[in-house]
Structure formats: C-alpha cells, structure tokens
Amino acid sequence: MSQLSNQTCEACQADAPKVSDAELKELMGQIPDWTPIAVDGVMQLQREFKFKNFKQAMAFSNRVGDLAEEVFHHPSILTEWGKVTITWWTHAIQGLHKNDFIMAAKTDTLLAEEVAA
C-alpha cells in the first residue's frame with residue numbers, strides 16, 4: 001500500500017463501507033499522532049496541533065480548509081490561540097472511511113510543510 005498522503009480520496013456515498021476494526025488498526029499505524037474518538041456514537045479521527053501564536057494557527061487552519069476544498073471532503077476545524085484541533089470523519093456514512101485516513105495523513109504533510117517554511 002502506498003503512503004496514505006500520496007493516495008486520492010474517492011467519492012463516498014451513503015452506502016460506502018466504514019473501515020473495519022482490522023482496517024482501523026492498520027490505518028492508525030500510518031497516522032500515529034491521530035486519535036480515534038466516538039462523538040455521539042460516530043467514529044472520528046482527531047488531532048491537536050500546537051503553534052506559537054494565533055496567526056500561525058489561523059494560517060494552518062486556512063491551509064487545511066484549502067486542502068479540504070480541493071477534494072470536497074471537509075473536517076471540523078477548531079482554531080484557538082496557538083492551537084488547532086482537526087477532526088475528520090465521513091458525514092455520509094456517519095463514521096470513518098479510508099478517505100478520512102488519507103486526509104489525516106495529508107494534514108500531517110501540511111504541518112511538515114509549515115515547519116519547513
């Protein structure tokens with residue numbers, strides 16, 4: 001399997017399969033900084049990113065938003081002073097799809113680019 005960050009999201013319908021427990025374990029190994037959480041019974045992926053100030057946090061939030069628009073798959077983004085919390089899940093299936101793991105990996109790539117800049 002190629003790296004998640006190099007993969008492309010696929011169109012997801014309401015009947016798309018959620019990731020299985022075995023897939024969840026395998027995919028989580030590829031995005032170890034993310035945490036699977038359940039919110040109102042819906043599995044989601046969440047990660048908190050730290051920044052030096054609000055301006056950096058907002059810039060990162062905007063980059064995640066731009067990435068989400070490119071593939072029309074949108075996370076929850078909570079931007080605070082020095083902190084951004086990103087939560088990915090697939091609304092159409094009320095749970096986790098492989099797309100969420102791909103987008104989490106791509107979000108990690110954005111962070112690496114922020115740090116390198």
query: Any salt bridge (charged side-chain N to carboxylate O under 4.0 Å, His left out) pairs touching residues 101-112, not counting sequence neighbours?
result: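 Listed once each, the pairs are Arg47-Asp108.
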query: So with a 6.0 Å cut-off around CG of Asp66, is the heavy-atom count from everything else above 12?
result: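 Buried by this count: over 12 neighbours within 6.0 Å.
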Determine the minimum heavy-atom distance between [X] and [Y], stating which atoms define it.
{"X": "Ala105", "Y": "Leu4", "result": "CB-CB, 3.6 Å"}
{"X": "Gly95", "Y": "Val42", "result": "N-CG1, 3.8 Å"}
{"X": "Trp88", "Y": "Val64", "result": "CZ2-CG1, 4.3 Å"}
{"X": "His97", "Y": "Ile93", "result": "CB-CD1, 3.8 Å"}
{"X": "Ile31", "Y": "Ala104", "result": "CD1-CB, 3.9 Å"}

Validation row: [X], [Y] side chains within 4.5 angstrom (heavy atoms):
{"X": "Leu96", "Y": "Met43", "value": "yes"}
{"X": "Arg63", "Y": "Leu67", "value": "no"}
{"X": "Pro36", "Y": "Gln44", "value": "no"}

Worked verdict on Thr85 versus Phe49 for side chain to side chain contact (heavy atoms under 4.5 Å, CB included): CA-CA 6 Å; Thr85 304; Phe49 297 86; over 6 Å; no
Let me check something: any side-chain donor-acceptor pairs from residues 71-84 under 3.5 Å, sequence neighbours excluded? List them with distances.
| unit_1 | atom_1 | unit_2 | atom_2 | d |
| --- | --- | --- | --- | --- |
| His73 | NE2 | Asp100 | OD1 | 2.7 |
| His74 | NE2 | Glu69 | OE2 | 2.6 |
| Thr79 | OG1 | Ser61 | OG | 2.5 |

query: Distance from Thr90 atom OG1 to Met103 atom CE, nearest 0.5 Å?
result: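 Thr90 atom OG1 to Met103 atom CE measures 10.5 Å (nearest 0.5 Å).
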Check side-chain hydrogen bond (donor to acceptor under 3.5 Å, both in side chains) between [X] and all other residues, then give those that pass, not counting sequence neighbours.
{"X": "Ser20", "value": "Glu23"}
{"X": "Trp89", "value": "none"}
{"X": "Gln46", "value": "Thr87"}

task: Tell me, with the steps shown, if Thr107 and Trp34 meet side-chain hydrogen bond (donor to acceptor under 3.5 Å, both in side chains).
output: CA-CA 11 Å; Thr107 303; Trp34 290 80; over 6 Å; no
message: Going by salt bridge (charged side-chain N to carboxylate O under 4.0 Å, His left out), name the residues that satisfy it together with Lys50, two or more places apart in sequence or in a different chain.
response: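 Applying salt bridge (charged side-chain N to carboxylate O under 4.0 Å, His left out) to Lys50 gives Glu48.
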- request: Test side chain to side chain contact (heavy atoms under 4.5 Å, CB included) on Ile102 and Lys98 and set out the steps.
  value: CA-CA 6 Å; Ile102 291 169; Lys98 187 173 180 185; 4.2 Å; yes
message: Between Leu111 and Thr109, does the side chain to side chain contact (heavy atoms under 4.5 Å, CB included) criterion hold? Intermediate values first, please.
response: CA-CA 5 Å; Leu111 179 67; Thr109 300; over 6 Å; no
